[in-house]
Amino acid sequence: MTVLLSVWAVLTAVLIVLLIYRGTLTMHEDDQLFLDDSESHMQAEQTELMHRMDRITPMVRLLGAASVLLVLVIAGMWIWQGVMQNTL
């Protein structure tokens, strides 16, 4: 049980770090850009930002699903152990 809790804590910590990083990226994202040729570097920055977001999103989903799954497994094991101790 301790090993599962440790794995869950590490996965959740990494998930939180990725969520914070994604939040800082989206703070710099603009909904709409009106650019002329002299401000084309801003378009390149926004494109790079979107590529970073595209790389992070699958990892956030995977870690989130793994964290929820581990919580359910840990809760199920805890309940199972409680039931088995009460029946003996």
Side-chain angles (χ1 to χ4, degrees):
M1 192 71 124
T2 306
V3 173
L4 284 176
L5 285 171
S6 299
V7 170
W8 174 78
V10 169
L11 281 177
T12 305
V14 172
L15 175 63
I16 290 170
V17 168
L18 281 176
L19 288 172
I20 291 170
Y21 179 65
R22 187 175 74 172
T24 59
L25 285 178
T26 56
M27 281 190 328
H28 301 293
E29 183 181 17
D30 293 328
D31 291 334
Q32 216 172 23
L33 290 176
F34 299 101
L35 302 174
D36 57 2
D37 291 336
S38 65
E39 297 170 335
S40 63
H41 69 281
M42 291 177 71
Q43 181 181 6
E45 289 175 7
Q46 290 296 314
T47 303
E48 181 183 341
L49 204 80
M50 291 306 297
H51 287 297
R52 286 184 186 173
M53 292 291 293
D54 291 341
R55 283 185 284 168
I56 290 173
T57 300
M59 289 186 282
V60 168
R61 288 181 182 160
L62 179 68
L63 287 173
S67 180
V68 168
L69 182 65
L70 273 174
V71 164
L72 292 175
V73 167
I74 290 168
M77 288 178 64
W78 181 69
I79 291 170
W80 180 258
Q81 285 177 354
V83 167
M84 294 307 287
Q85 286 179 354
N86 288 335
T87 58
L88 296 176

For the hydrophobic clusters of this structure (ILVMFWY residues joined by side-chain heavy atoms under 4.5 Å, transitively), does one cluster hold both V71 and L19?
yes
Taking side-chain contact (heavy atoms from CB on, under 4.5 Å) as the definition, give me every residue that meets it alongside T47, ordered by chain and number, with sequence neighbours left out.
Q43, H51
Same cluster or not: M1 versus L72, using hydrophobic residues (I, L, V, M, F, W, Y) connected whenever any side-chain heavy atoms lie under 4.5 Å apart?
no
Straight-line distance of I20 CD1 to L25 CG, nearest 0.5 Å
12.5 Å
Do L62 and V17 belong together in a cluster built from hydrophobic side chains that touch within less than 4.5 Å?
no
One should read off an interatomic distance between M50 CE and M53 CE, to the nearest 0.5 angstrom, of 6.5 Å
Run through L15, V14, V7 and flag the one making a side-chain contact (heavy atoms from CB on, under 4.5 Å) with L11.
V7
Quick one: do R55 and R52 satisfy side chain to side chain contact (heavy atoms under 4.5 Å, CB included)? Show the steps, please.
CA-CA 5 Å; R55 283 185 284 168; R52 286 184 186 173; 3.4 Å; yes
Spell out, yes or no, whether Y21 and I16 are grouped together once hydrophobic residues are joined by side-chain heavy atoms under 4.5 Å, including indirect joins.
no
Examine distances only and state if a side-chain atom of T26 and a backbone atom of R22 form a donor-acceptor pair shorter than 3.5 Å.
yes
Hits for salt bridge (Lys or Arg N to Asp or Glu O under 4.0 Å) against R61, two or more places apart or cross-chain, chain-then-number order -> none
Among all residues two or more places apart in sequence or in another chain, which pass the side-chain contact (heavy atoms from CB on, under 4.5 Å) test with L4?
L70, V73, I74, M77
Connected via hydrophobic side-chain network under 4.5 Å: W8 and I79
yes
Rounded at 0.5 Å granularity, tell me how far CD in E45 sits from CG in L49.
9.0 Å
